[in-house]
Amino acid sequence: MALHVYNYLSRTLESFEPVKPGRVSLYVCGPTVYDHSHLGHAKTYVAMDVVVRYLKYLDYQVRHVRNITDVGHLLDSGEDRVLKGARRHNLEPMEIVETYMMSFFDDMQALGVQRPDISPRPSGHIPEIIQWVQALIESGAAYEVNGNVYFSVEAFPAYGKLSNRKVDELEAGARVEVRAEKRHPADFALWKRAEPEHLMRWHSPWGEGYPGWHIECTVMSTKYLGQPFDIHGGGLENMFPHNECEIAQAEVLHDTTFAKYWLLAGSLTVNGVKMSKSLGNFLTIKEALTLYKPEAIRYFVLSSHYRGPVDFSRDALQAAQRGIERLQNTVLQIHRRMQSALPAGTAVLADVSSLVDYRDAFEEAMNDDFNTPKALAVIFDMVKEANRQLDEKINLSMGSLAAMDKQFRDLAGDVLGILPAELPESAPSGELLDGLMQILLDLRQEYRAARDWSAADMLRNRLALLGIIIQDNPTGTTWHIES
RNA sequence: GGCGACGUAGCCAAGUGGUAAGGCACGGGUCUGCAAAACCCUUAUCCGUCGGUUCAAUUCCGACCGUCGCCUCCA
């Protein structure tokens with residue numbers, strides 16, 4: 001089966017056919033940078049990262065755009081997120097933006113999330129945004145009142161098609177007070193008038209102001225990807241109103257579809273409740289990384305399907321950590337065998353024939369709307385098979401070992417990102433350290449030979465306190481520093 | 001109120017109209033002086049409840065119970 005994706009626009013599984021054969025254009029809604037990112041962000045971006053990685057694995061030439069929102073959004077209190085941060089710390093808004101944007105990039109890199117090709121920011125696209133808003137006014141789809149410009153939802157009958165909402169039904173809910181100047185309660189802002197205390201402001205035909213909440217994604221995705229582009233990704237919670245408004249702003253002006261496929265990721269929950277800033281039930285990515293390996297966090301995220309939620313708990317992360325250690329240990333074993341294998345050994349068919357089946361099964365899982373839990377099951381079947389061979393066959397050939405290694409690198413490494421580029425192949429070396437350790441190991445070996453177990457164990461225990469782990473294997477004693 | 005998602009072993013989590021992947025934990029075993037690590041094996045007569053369709057349902061339909069998301073801040 002070729003790649004199929006679940007498209008929220010049609011609510012069905014569709015065969016994936018990019019607009020331009022061989023190329024994929026993809027836009028993902030990025031974060032507003034006003035604080036450190038938490039695990040909820042990690043879930044969305046790790047999920048989207050695997051989508052991108054798998055498209056690349058399929059040899060598509062991918063252009064990946066993910067915005068950084070740097071003009072602030074309104075809080076419940078009516079305050080601007082970025083401005084609030086700036087006031088609190090007596091800083092320029094752009095200093096806040098710079099700090100947390102870099103923090104976000106650091107977090108993404110630590111998690112192995114590949115950098116997008118373009119990370120556009122609305123503050124750098126004000127002219128394009130103004131131009132777009134003007135075009136909307138000229139077309140009759142937008143109107144200006146007191147320096148504010150609103151999109152008229154009545155000008156776009158398809159409004160609500162993504163989230164399956166009808167404008168009339170929206171009014172039934174308990175809603176916040178409607179600004180009287182809007183023609184229709186559901187109309188949304190394209191351009192906001194800047195009040196005197198508002199620090200972020202730009203000149204516009206409608207006076208000093210700043211962009212509305214949704215226009216940046218329409219403008220910047222179109223600028224870099226054209227219309228229609230292939231995939232629009234992001235978090236499910238942004239489907240309405242944000243994604244809906246993106247579509248309206250674009251499609252009311254153009255006859256083409258804005259984005260062909262909508263891939264939206266489910267939220268991260270804690271005890272069943274969404275992890276979010278406002279609820280305070282969050283763990284920052286930086287905090288999480290002090291507790292768990294980045295690959296464990298990725299494995300945890302990928303262990304449930306991207307469209308569904310995944311519930312955070314210490315137990316779940318701990319389980320992921322253990323699982324990842326088993327996987328990495330197997331690959332490490334393969335590497336160790338390769339160090340002692342004869343370089344000229346070619347692959348033995350009987351040893352590697354199953355690799356093709358595993359790769360097929362992996363691709364089949366991923367082709368089915370990026371079913372990472374199923375793909376992970378294939379990876380662990382491979383782990384079991386590799387271990388069996390490592391146990392049963394003392395002299396696996398270099399070719400066989402290399403083929404196994406490549407398979408793990410390709411699937412678990414390149415696509416899922418749960419194998420680090422560098423595994424700790426051996427203990428850290430250094431003449432002094434090696435020499436000291438050799439003295440201690442020799443000493444302990446003498447105790448063992450003399451059956452002085454308490455002395456031997458004392459040495460082992462005291463080294464363990466320093467984080468140095470001693471292991472007695474059939475082939476001899478090894479040591480490594482605890483990771 | 002509207003739109004939508006989910007409920008599978010101790011925990012996490014796939015999946016299928018023909019009788020349940022994978023991970024963690026538990027238990028058993030190999031190895032070890034003992035450990036640790038590693039590896040192997042085992043673990044759901046059953047898929048929220050009650051009905052219906054069917055030769056056959058966990059999988060389709062309906063009702064109900066429970067949990068959650070969105071309804072103009074949110075990845």
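Bear in mind the structure is a predicted one, so any value in this text is a computation, not a measurement. Protein chains get the first letters and strands the later ones, always in sequence-line order, with residue 1 at the start of each.
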Distance, [atom1] atom - from [M] to [N], rounded to whole angstrom:
N: A38(B); M: C74(B); atom1: P; result: 44 Å
N: A25(B); M: C12(B); atom1: C1'; result: 11 Å
N: U53(B); M: C61(B); atom1: C1'; result: 7 Å
N: A21(B); M: A9(B); atom1: C1'; result: 13 Å
N: G2(B); M: U72(B); atom1: C1'; result: 15 Å
N: U19(B); M: G23(B); atom1: C1'; result: 24 Å
N: A20(B); M: C24(B); atom1: P; result: 22 Å
N: G29(B); M: G10(B); atom1: C1'; result: 22 Å

What is the distance, to the nearest angstrom, from the [atom1] atom on [X] to the [atom2] atom on [N]?
X: R307(A); N: A14(B); atom1: CZ; atom2: C1'; result: 13 Å
X: L263(A); N: A75(B); atom1: CG; atom2: P; result: 19 Å
X: N387(A); N: A38(B); atom1: CG; atom2: C1'; result: 8 Å
X: Y306(A); N: A13(B); atom1: OH; atom2: P; result: 18 Å
X: F240(A); N: A5(B); atom1: CZ; atom2: P; result: 17 Å
X: L441(A); N: A36(B); atom1: CG; atom2: C1'; result: 15 Å
X: E392(A); N: A38(B); atom1: CD; atom2: C1'; result: 15 Å
X: Q389(A); N: C40(B); atom1: CD; atom2: P; result: 12 Å

Original post:
Are D457(A) and R460(A) ion-paired here, with the side-chain N under 4.0 Å from a carboxylate O?
Top reply: yes
Nearest-neighbour nucleotide for the [X] side chain, [options] considered:
X: T44(A); options: G4(B), A75(B), C39(B); value: A75(B)
X: R444(A); options: A38(B), C34(B), C12(B); value: C34(B)
X: Q471(A); options: A38(B), G33(B), A36(B); value: A36(B)

Original post:
If you look at every heavy atom in D351(A) and Q389(A), which pair is closest and at what distance?
Top reply: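 Smallest heavy-atom distance, with atoms named: O-NE2, 2.8 Å.
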**OP:** Work out which heavy atom in T44(A) is nearest to a heavy atom in G234(A); give both atom names and the distance.
**Re:** CG2-C, 3.9 Å
**OP:** Go through the steps to decide whether F408(A) and V383(A) satisfy the test side chain to side chain contact (heavy atoms under 4.5 Å, CB included), and finish with yes or no.
**Re:** CA-CA 9 Å; F408(A) 279 112; V383(A) 166; 3.9 Å; yes
**OP:** Kindly indicate, with the supporting measurements, whether the criterion side chain to side chain contact (heavy atoms under 4.5 Å, CB included) is fulfilled by W191(A) and I215(A).
**Re:** CA-CA 9 Å; W191(A) 186 265; I215(A) 190 70; over 6 Å; no
Original post:
Got a sec, which residues hit salt bridge (charged side-chain N to carboxylate O under 4.0 Å, His left out) with R201(A), two or more places apart in sequence or on another chain?
Top reply: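 Per chain and number, R201(A) pairs via salt bridge (charged side-chain N to carboxylate O under 4.0 Å, His left out) with E208(A).
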Original post:
Quick one: salt bridge (charged side-chain N to carboxylate O under 4.0 Å, His left out) partners of R66(A), sequence neighbours excluded?
Top reply: none
**OP:** Tell me, with the steps shown, if F258(A) and Y27(A) meet ring-ring contact (aromatic ring centres under 6.0 Å, His included).
**Re:** CA-CA 11 Å; F258(A) 173 55; Y27(A) 185 89; 7.9 Å; no
Classify the side chain of [X] and the base of [N] as holding, or not holding, a donor-acceptor pair under 3.5 Å.
X: R448(A); N: G33(B); answer: yes
X: R460(A); N: A35(B); answer: yes
X: R165(A); N: C70(B); answer: yes

Could you tell me whether [X] contacts a base, only the sugar-phosphate backbone, or nothing, with contacts defined as non-hydrogen atoms closer than 4.0 Å?
X: L236(A); value: nothing
X: I470(A); value: base
X: H305(A); value: sugar-phosphate
X: G160(A); value: nothing
X: S276(A); value: base
X: V28(A); value: nothing

**OP:** Nearest-nucleotide wise, let me know which of R11(A) and C245(A) is further upstream toward the 5' end of RNA chain B.
**Re:** R11(A)
Original post:
Start at the 5' end of RNA chain B and walk down; is the nucleotide closest to Y8(A) or to L39(A) reached first?
Top reply: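 So the residue in question is Y8(A).
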Taking a pair as Watson-Crick or G-U wobble with both distances under 3.5 Å, which nucleotide is matched to [N]?
N: U58(B); value: none
N: U43(B); value: none
N: C31(B); value: none
N: A63(B); value: U49(B)

Subject >> OP1 or OP2 of A75(B) under 4.0 Å from side-chain N/O of K274(A) >> reply: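 No, because none of the side-chain N or O atoms of K274(A) sits under 4.0 Å from OP1 or OP2 of A75(B).
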Original post:
Can you check whether N371(A) has a side-chain N or O nearer than 4.0 Å to OP1 or OP2 of G15(B)?
Top reply: yes
Original post:
Yes or no on ring-ring contact (aromatic ring centres under 6.0 Å, His included) for F104(A) and Y45(A), after CA distance, side-chain angles and deciding distance?
Top reply: CA-CA 11 Å; F104(A) 173 72; Y45(A) 298 122; 5.5 Å; yes
Original post:
Reading nucleotides 21-29 of chain B from the 5' end, what letters show protein touch, with B for base, S for backbone sugar-phosphate only, - for no heavy atom under 4.0 Å?
Top reply: BSSSS----
Subject >> salt bridge (Lys or Arg N to Asp or Glu O under 4.0 Å) partners of residues 96-106 of chain A, not counting sequence neighbours, each pair once >> reply: none
**OP:** Return each pair, listed once, that meets salt bridge (Lys or Arg N to Asp or Glu O under 4.0 Å) where at least one residue sits in residues 238-249 of chain A; pairs must be two or more places apart or across chains.
**Re:** none
**OP:** Decide ring-ring contact (aromatic ring centres under 6.0 Å, His included) for H232(A) and Y261(A); before the verdict, give the C-alpha distance in whole Å, the side-chain angles of both, and the deciding distance to 0.1 Å.
**Re:** CA-CA 6 Å; H232(A) 193 304; Y261(A) 302 99; over 10 Å; no
Original post:
In residues 357-369 of chain A, what residues come within less than 4.0 Å of RNA chain B, judged by heavy atoms?
Top reply: none
Original post:
Got more than 12 heavy atoms from elsewhere within 6.0 Å of CZ, R11(A)?
Top reply: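 Yes, CZ of R11(A) has more than 12 neighbouring heavy atoms, counting only those of other groups under 6.0 Å.
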